[in-house]
Amino acid sequence: DVSFTFESFADTINKDLNDVLGNFISRCMKMTIANFGGVVPETGEDTEEEVNLKNTLNGLVKNFDKYLSELQLRKAMGELRAIWVEGNNYFARNEPWKVIKVDKVRAATVLKTALNLIYIYAELSKLIIPDSAKTIMEMFGKELNKDTFIDEINFDFVKSGESFNFIEGVFTKIPKERVEELAVKYKAR
């Protein structure tokens, strides 16, 4: 029950993986490197923002797991994308690039939360984009948990004091010309 086109494939890669997930990873890691030297920062207490984020993500993860179990892949992918978007929304609302100037501890909390989201995204995405999930996890010097599924969100998978290495270009955009080449090559018009 799937209609495949190279245009929709490229659109998903470009918008969802590159713009939503890849951009989130890049912004969070680069900002942490610039302000905390590539080490997960020591943080303050979670605020209502983090508590609400956990609650929202727990609901989305439950739905994602349910849809995967039922092999409703389109719905599962929608939930996974919603999980990624929720992290972007959290980051944008909490503006660590501004907060760092007035409250370094709060900015550290936002960045540590964001780094944990990246870890969570890799774990949740391992069945869908295994090579990319593995690369993301390697940035933290960790391996994917092959036998488990995250069933309860927390922001302590990546601990304060741990270092990480940002790898540029986990996802790359597919240009229009390449889409046209693939469509011609595979006679998919």
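Numbers here simply count residues along the sequence, with the first being 1. All figures in this text were calculated on a predicted structure; none of them were measured in a lab.
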State, yes or no, whether a side-chain contact exists between [X] and [Y] at a heavy-atom distance under 4.5 Å.
| X | Y | answer |
| --- | --- | --- |
| Asn154 | Ile120 | no |
| Ile118 | Leu21 | no |
| Leu53 | Phe155 | yes |

**Report entry** Lys104 to Phe36 six-membered ring, cation-pi geometry met (6.0 Å, 45°)
**Finding:** yes
Contact summary for [X] and [Y], nearest pair of heavy atoms:
| X | Y | answer |
| --- | --- | --- |
| Val158 | Tyr119 | CG2-CB, 3.7 Å |
| Ala107 | Val99 | N-CG1, 3.7 Å |
| Leu144 | Pro130 | CD1-O, 4.2 Å |

Query raised in the report: Would you call the rings of Phe91 and Phe24 parallel, tilted or perpendicular if under 30° counts as parallel and over 60° as perpendicular?
Result: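 Answer is perpendicular, since the angle exceeds 60°.
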Report task. Taking atom CG of Asp156 as the centre, report whether more than 12 heavy atoms of other residues, nucleotides or ligands fall under 6.0 Å from it. Result ->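 Yes - once you tally the heavy atoms of other residues, nucleotides and ligands closer than 6.0 Å, there are more than 12.
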Query raised in the report: Does atom NZ of Lys62 have more than 12 heavy-atom neighbours from other groups under 6.0 Å away?
Result: no
Report task. May I have the step-by-step check of side chain to side chain contact (heavy atoms under 4.5 Å, CB included) for Glu123 and Met137, ending in yes or no? Result -> CA-CA 8 Å; Glu123 281 290 337; Met137 199 60 76; 3.5 Å; yes
Query - Listed partners of Glu143 passing salt bridge (charged side-chain N to carboxylate O under 4.0 Å, His left out), at least two apart - result: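 Testing Glu143 for salt bridge (charged side-chain N to carboxylate O under 4.0 Å, His left out), a comparison that skips the adjacent residues, returns none.
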Quick check: does any side chain N or O of [X] sit under 3.5 Å from a backbone N or O of [Y], one acting as donor and the other as acceptor?
| X | Y | value |
| --- | --- | --- |
| Asn58 | Ile153 | yes |
| Tyr121 | Gly87 | yes |
| Asn94 | Pro96 | no |
| Ser160 | Pro41 | yes |

Report summary line: Sequence neighbours excluded, the answer for side-chain hydrogen bond (donor to acceptor under 3.5 Å, both in side chains) partners of Asn116 is none
Taking NZ, NE, NH1 and NH2 as the nitrogens, is one of them in [X] or [Y] under 4.0 Å from a carboxylate oxygen of the other?
| X | Y | answer |
| --- | --- | --- |
| Lys75 | Glu79 | no |
| Lys54 | Glu50 | no |
| Glu162 | Lys142 | yes |

Report task. Write out all pairs satisfying side-chain hydrogen bond (donor to acceptor under 3.5 Å, both in side chains) with one or both partners inside residues 25-45, taking only residues at least two apart or from two chains. Result ->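 Pairs touching residues 25-45 that pass the test: Lys30-Glu168.
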Requested in this report: Decide side chain to side chain contact (heavy atoms under 4.5 Å, CB included) for Asn52 and Tyr90; before the verdict, give the C-alpha distance in whole Å, the side-chain angles of both, and the deciding distance to 0.1 Å.
Outcome: CA-CA 10 Å; Asn52 289 339; Tyr90 166 81; over 6 Å; no
Requested in this report: Determine, stepwise, if the pair Lys112 / Val40 fulfils side chain to side chain contact (heavy atoms under 4.5 Å, CB included).
Outcome: CA-CA 6 Å; Lys112 181 182 181 240; Val40 180; 3.6 Å; yes
Query raised in the report: Which is it for Trp84 and Ser125 under the side chain to side chain contact (heavy atoms under 4.5 Å, CB included) test, yes or no, and what are the steps along the way?
Result: CA-CA 10 Å; Trp84 298 340; Ser125 303; 3.5 Å; yes
